[in-house]
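Keep in mind it's a predicted model, so treat the numbers as computed, not measured.
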Amino acid sequence: MRILVVGAGAIGGYFGGRLLQAGRDVTFLVRPKRAGELASAGLVIKSPNGDVTLKNPPTVQADALKDKFDVVLLSCKAFDLDDAIKSFAPAVGPNTAIIPMLNGMKHLDILDAKFGKDRVLGGLCAIAATLNEKREVVQLQPMQSLNYGERDGKLSDRVKAIDEAFKSGINGATASQNIMQDMWEKWVFLSSLAASTSLMRTSVGNILAAPGGRDFLLGMLDETSAIATASGYPPGGPFFERVKGNITAEGSPMTASMFRDIKAGLPVEADHVIGDLIARADAAKVPVPKLRIAYTHLKAYEKQRAG
């Protein structure tokens with residue numbers, strides 16, 4: 001099975017690196033600068049689950065990409081999606097399966113329109129990882145997961161084959177027969193955390209310690225949950241209780257990567273993660289006043305950054 005990993009940043013570098021470490025046929029689609037870094041220093045992973053340095057990992061640049069691949073693992077940010085699609089499009093053949101690990105849902109419509117719905121699986125990952133100043137992949141916590149599956153819930157032969165390949169190298173790799181529910185539940189949690197910590201510019205613990213903080217956090221979670229429910233994917237059970245526990249844990253240092261990106265002056269996925277939720281809320285006539293304030297805040301940040 002030939003696997004093309006689009007990008008070799010924190011997420012693509014980690015999961016692709018683990019597959020390469022396990023002896024899988026992996027190629028990284030990267031820009032020239034990253035290709036040079038990987039050629040000179042290798043792909044270095046620092047992790048509680050074990051460090052590894054993969055010398056001269058196979059890379060290809062967009063202008064040289066001609067071969068078709070069995071699987072495309074897509075790990076870009078939403079604002080880079082259009083450029084990423086142009087770069088990996090030549091690798092997509094009639095039997096290629098695309099596994100996007102982006103947040104939210106909007107990217108599915110974009111990928112479907114370009115490649116056809118039958119080539120686009122559902123997918124999501126959970127990992128705390130970053131690139132350090134040496135451009136090494138650093139996993140910050142041992143927890144990790146990678147889920148993928150047919151969007152109609154069937155356990156197809158191609159998903160079984162992908163599952164066998166991925167499980168050989170990635171702890172927490174799981175073929176899901178409820179991938180759309182999984183994606184919605186992650187979106188509920190991520191958007192609640194991103195909207196809250198970005199708007200308040202601080203951690204969950206500090207928000208909880210402020211007057212009205214607990215009600216604010218739970219209110220944000222109520223709004224995002226209501227949108228998911230109106231869309232046919234009500235969050236509930238163990239997941240929902242775990243999320244509720246995460247955002248009501250006193251003293252928690254937890255923040256969203258979106259907030260950390262704001263602090264660093266980087267682009268954010270305002271439209272993809274928050275704006276698209278509001279559009280779905282409007283369509284379902286679900287009131288989301290807290291989410292709207294957070295979105296206005298994010299769009300004002302984008303305006304300031306562009307200016």
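Note: Thr296 OG1 to Ile274 CD1 = 11.5 Å, rounded to the nearest 0.5 Å. For the atom pair Leu124 CG and Met183 CE, the distance stands at 7.0 Å (nearest 0.5 Å). Rounding to the nearest 0.5 Å gives a distance of 10.5 Å between NZ of Lys55 and OG of Ser40. Here Phe88 contributes atom CZ and Leu29 contributes atom CG; the two are 9.0 Å apart, rounded to the nearest 0.5 Å.
For CZ of Arg31, the number of neighbouring non-hydrogen atoms (other residues, nucleotides, ligands) closer than 6.0 Å is 12 at most. Other residues, nucleotides and ligands contribute more than 12 heavy atoms inside 6.0 Å of the CD atom of Gln61.
Looking at Gln144 and Asn171, their side chains never bring a donor and an acceptor atom within 3.5 Å of each other. Side-chain atoms of Arg2 and Thr27 include no donor-acceptor pair closer than 3.5 Å. Between the side chains of Tyr14 and Gln139, at least one donor-acceptor pair of N or O atoms lies under 3.5 Å. Donor-acceptor pairing under 3.5 Å is recorded for the side chains of Ser192 and Thr224.
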Checklist entry - When you look at Ile227 and Thr229, which way does the side chain to side chain contact (heavy atoms under 4.5 Å, CB included) test go after all the steps? => result CA-CA 5 Å; Ile227 301 166; Thr229 299; over 6 Å; no

Next on the checklist: Go through it in stages, so that I can follow the logic: the residues are Asp109 and Lys114, the test is salt bridge (charged side-chain N to carboxylate O under 4.0 Å, His left out), and I'd like the CA-CA distance, side-chain angles, deciding distance and then a yes or no.
Outcome noted: CA-CA 9 Å; Asp109 295 334; Lys114 174 66 179 176; over 6 Å; no

Checklist entry - Hey, mind stepping through Asp276 and Arg280 against salt bridge (charged side-chain N to carboxylate O under 4.0 Å, His left out) and telling me if it holds? => result CA-CA 6 Å; Asp276 190 36; Arg280 292 167 194 262; 3.1 Å; yes

Checklist entry - What do the steps show when you test Glu164 against Met1 for side chain to side chain contact (heavy atoms under 4.5 Å, CB included), and what is the final call? => result CA-CA 10 Å; Glu164 183 180 345; Met1 176 179 288; over 6 Å; no

Next on the checklist: Go through it in stages, so that I can follow the logic: the residues are Val92 and Phe69, the test is side chain to side chain contact (heavy atoms under 4.5 Å, CB included), and I'd like the CA-CA distance, side-chain angles, deciding distance and then a yes or no.
Outcome noted: CA-CA 6 Å; Val92 179; Phe69 285 76; over 6 Å; no

Next on the checklist: Test side-chain hydrogen bond (donor to acceptor under 3.5 Å, both in side chains) on Ser176 and Asp182; report intermediate values, then the result.
Outcome noted: CA-CA 8 Å; Ser176 173; Asp182 297 342; 2.6 Å; yes

Next on the checklist: Test side chain to side chain contact (heavy atoms under 4.5 Å, CB included) on Ile127 and Ser145; report intermediate values, then the result.
Outcome noted: CA-CA 7 Å; Ile127 186 171; Ser145 64; over 6 Å; no

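Counting only heavy atoms from C-beta outward, the side chains of Tyr301 and His297 never approach each other to under 4.5 Å. At least one side-chain heavy atom of Glu269 sits under 4.5 Å from a side-chain heavy atom of Lys77. Taking 4.5 Å as the limit, every side-chain heavy atom of Gln141 sits out of range of all side-chain heavy atoms of Pro48. Thr197 places none of its side-chain heavy atoms less than 4.5 Å from the side chain of Ser203. Residues Leu4 and Val60 have side chains in contact (heavy-atom distance under 4.5 Å, counting atoms from C-beta outward). Between Thr53 and Leu43, every side-chain heavy-atom pair lies at or beyond the 4.5 Å cut-off. Lys186 has its side chain within reach of Asn103: a pair of non-hydrogen atoms, C-beta onward, lies under 4.5 Å apart. The shortest distance between side-chain heavy atoms of Arg135 and Arg34 falls below 4.5 Å.
Closest of all the heavy-atom pairs between Gly9 and Val137 is O-CG2, 3.7 Å. Closest of all the heavy-atom pairs between Ile99 and Gly123 is CG2-CA, 4.2 Å. Among all heavy-atom pairs drawn from Ala256 and Ala194, the shortest one is CB-CA, 3.4 Å.
Ion pairing between a basic and an acidic side chain is recognised when a charged N comes within 4.0 Å of a carboxylate O; Asp271 and Lys299 show such pairing. A salt bridge links Asp112 with Arg151: at least one charged nitrogen is closer than 4.0 Å to a carboxylate oxygen.
Glu223 places a side-chain N or O within donor-acceptor distance of the main-chain N or O of Lys290, the cut-off being under 3.5 Å. No donor-acceptor pair closer than 3.5 Å links the side chain of Ser168 to the backbone N or O of Ala22. A distance-only check finds a donor-acceptor pair linking the side chain of Lys167 to the backbone of Ala173 [under 3.5 Å]. Looking only at distances, a side-chain donor or acceptor of Ser87 sits under 3.5 Å from a matching main-chain atom of Ala84. Without hydrogens or angle criteria, Asp163 side chain to Ala175 main chain gives a donor-acceptor distance under 3.5 Å. Trp184 places no side-chain N or O within 3.5 Å of a backbone atom of Pro235 that could act as its donor or acceptor partner.
Ring centers of Phe189 and Phe240: at least 6.0 Å apart, outside the cut-off.
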